[in-house]
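Below is one structure, written out as structure tokens; the observations come after it.
The basis for the numbers below is simple: all heavy atoms, side chains too, and nothing from hydrogens, waters or symmetry mates. A note on names: the letters A, B, ... follow the listed sequences, proteins ahead of strands, and every chain is numbered from 1.
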2 protein chains.
Amino acid sequence: MASRRHVIADDLRTQISSGRFKAGERLPSEAQLAARYAVSTPTLRNALALLQGEGVVEKVHGRGNFVRHPIRRITYFGGGHTPDAKTATDAALRMSVRTTHLPARGDLTALLRVSVSSPLTEFLCISHAGKSPHSLARIYVPRDLAPADDPNGYTSCKEVWARLVELRPPLAEVQERVNARFPTPREAATLRISSALPVLAVTRVATDATGRVVEAARLVLPSDRADALFTHHTMSGDRRTEG
Amino acid sequence: MASRRHVIADDLRTQISSGRFKAGERLPSEAQLAARYAVSTPTLRNALALLQGEGVVEKVHGRGNFVRHPIRRITYFGGGHTPDAKTATDAALRMSVRTTHLPARGDLTALLRVSVSSPLTEFLCISHAGKSPHSLARIYVPRDLAPADDPNGYTSCKEVWARLVELRPPLAEVQERVNARFPTPREAATLRISSALPVLAVTRVATDATGRVVEAARLVLPSDRADALFTHHTMSGDRRTEG
DNA sequence: GAGTGGTCTAGACCACGAG
DNA sequence: TCGTGGTCTAGACCACTCA
């Protein structure tokens, strides 16, 4: 009982992996493909949406559907690594930062465990690879732990993070909650992805030894270009409950 | 530039959160809602798909769309916890296990770092809450680390895991790769979810002190009912690269 | 302006669930 | 059998990209 879109997606996938369509190449237009498979455009688009979700195909509005270069995926490393350590592993990634000051409100108060209107600093980080954005991070820290405004502005993410780490106490715990969802229209526009492409949403909360939340972050990773990787080393004597 | 489905989804969401539609209640049929909002059925279904992705609405084929009971989400705990520890946190969860023996093939050989046709044992675990399935796990272990077949069969997951843990050396590292994708048709049927609902896919690889892979697992968590949570404790002197 | 994908329409037919 | 959701059709119109 395979639906039509799956049959078409399977056929295109094998044609791509067999080299019939090469990486970076543009596929025939959706209208042509629909005619070739004798289906309507919505059905063909559903098939392409499957391949897009697998990271095999990339849709670009107004230009066409393109075969993705294989495994140009970025990996988010969880477990205490900062974006700085993350980007260090992939030098090809550019990252832009925008700093804003704002009062705590809504669910941010619960995340950071601060009272309403408590002063916060937001870092809006967008990483790019080539011309298209790859991931989006909104990082919140209490104002007193954020670097003072630099009249020159911070040009690089690295610079901001170096100052941030200077200011704050060592982290004791990093907790990351991960789920899959669709992007908000705003996120889809910022990341230039289809709103039908699921994203990996990571909510990261870092606390110091006193239990104070020193950083909360909301990361949005498009599923077609990013994974998250969590590594846990079991120390001797630290065997978790396994029986 | 809010698309129609987002407007409708927003309206329904506020009606639900305001108590206009109560938890467990059935929404009007899609045809009725489409008429009320003066849109076509596909558009209304897109709006419902958004709410379904948020876990606000649950679709049941042949019966209707239902308002979900709030936050009946299960959490997958990453970082060295086994399913046993996971289920212990939520006693309401039933879990069924099916054991199969199979030779290593395809990407399983790479995951477990064994040669092709190397003997493996697969545990297919499906957790249920109430009558509907909640998550799916395929766990693979080398045959020599798997408990021998019990003529009585293992009735509970707990029993299987107790035997499994007896047999294997203590874990040294647990690595979990997480991404978001759409379920395969098979997964969608097993979990009784729509194939348009994204799932959280976790690939877990556990190695012992010698570097041998003692367990590989593929977990599928429907995004409307499950999160994954990773907690990392920074030991003193174990400050990760942060500068 | 030509060609592309993005969204939507107003139906059709099939598959599922319950009485 | 009936009402439900699941899938699909054959268009339409708008937004974006590029020459």
Side-chain angles (χ1 to χ4, degrees), chain A residues 1-9 12 25-53 57-68 130-132 182-183 185-197 224, chain B residues 1-9 12 25-53 57-68 131-132 182-197 224:
Chain A
M1 206 229 24
S3 54
R4 240 173 258 222
R5 55 166 176 264
H6 284 111
V7 175
I8 296 172
L12 286 172
E25 199 175 328
R26 213 206 70 185
L27 294 178
S29 75
E30 301 189 345
Q32 289 174 314
L33 287 173
R36 174 184 305 182
Y37 289 107
V39 295
S40 66
T41 35
T43 301
L44 185 106
R45 285 171 55 70
N46 284 334
L48 286 175
L50 292 176
L51 296 176
Q52 193 192 6
V57 157
E58 178 164 17
K59 322 195 69 159
V60 186
H61 191 165
R63 291 184 56 208
N65 294 279
F66 294 84
V67 179
R68 294 276 305 277
K131 37 191 284 189
S132 63
F182 292 110
R186 241 193 101 72
E187 290 168 348
T190 305
L191 290 167
R192 307 180 122 268
I193 57 174
S194 153
S195 58
L197 178 74
D224 67 341
Chain B
M1 207 226 28
S3 54
R4 240 173 260 221
R5 55 166 178 265
H6 284 111
V7 175
I8 296 172
L12 286 172
E25 198 175 328
R26 213 206 70 184
L27 295 178
S29 75
E30 300 189 345
Q32 288 175 316
L33 286 173
R36 175 185 305 181
Y37 289 107
V39 295
S40 65
T41 35
T43 301
L44 185 107
R45 285 171 56 71
N46 284 334
L48 286 176
L50 292 176
L51 297 175
Q52 194 193 5
V57 157
E58 179 164 15
K59 321 195 70 158
V60 186
H61 192 164
R63 290 183 57 207
N65 294 280
F66 295 84
V67 179
R68 294 277 304 278
K131 39 192 281 189
S132 63
F182 292 110
T184 65
R186 241 192 100 71
E187 290 169 348
T190 305
L191 290 167
R192 307 181 122 266
I193 57 174
S194 154
S195 58
L197 178 74
D224 67 341

What is the separation between atom [atom1] on [X] and atom [atom2] on [N], rounded to the nearest whole Å?
X: B:Tyr37; N: C:dT9; atom1: OH; atom2: P; answer: 14 Å
X: A:Leu33; N: D:dA10; atom1: CG; atom2: P; answer: 17 Å
X: B:Asn46; N: D:dG5; atom1: CG; atom2: P; answer: 15 Å
X: B:Phe66; N: D:dG3; atom1: CZ; atom2: C1'; answer: 12 Å
X: A:Leu44; N: C:dT7; atom1: CG; atom2: C1'; answer: 16 Å

Q. Does the side chain of B:Arg5 pick up a donor-acceptor pair with the side chain of A:Ser195 at under 3.5 Å?
A. yes

Distances for protein N/O vs nucleotides 4-6 of chain C N/O pairs under 3.5 angstrom?
residue, atom, partner, partner atom, Å
C:dG5, OP1, A:Glu30, N, 3.4
C:dG5, OP1, A:Asn65, ND2, 2.9
C:dG5, OP2, A:Glu30, N, 3.0
C:dG6, OP2, A:Arg45, NH1, 2.4
C:dG6, OP2, A:Arg45, NH2, 3.0
C:dG6, OP2, A:Lys59, NZ, 3.4

Under 4.5 Å between any side-chain heavy atoms of [X] and [Y], yes or no?
X: B:Arg45; Y: B:Pro42; result: no
X: A:Leu50; Y: A:His6; result: yes
X: A:Pro183; Y: A:Ile193; result: yes
X: A:Asn65; Y: A:Leu33; result: no

Q: Look at A:Thr43 and D:dT9 and indicate whether a side-chain polar atom (N or O) is within less than 4.0 Å of OP1 or OP2.
A: yes

Q: State which of C:dC8, D:dC8, C:dG17 makes the closest approach to the side chain of B:Arg192.
A: C:dG17

Q: Compare every heavy atom of B:Leu12 with every heavy atom of B:Tyr37, then report the nearest pair and how far apart it is.
A: OH-CD2, 3.5 Å

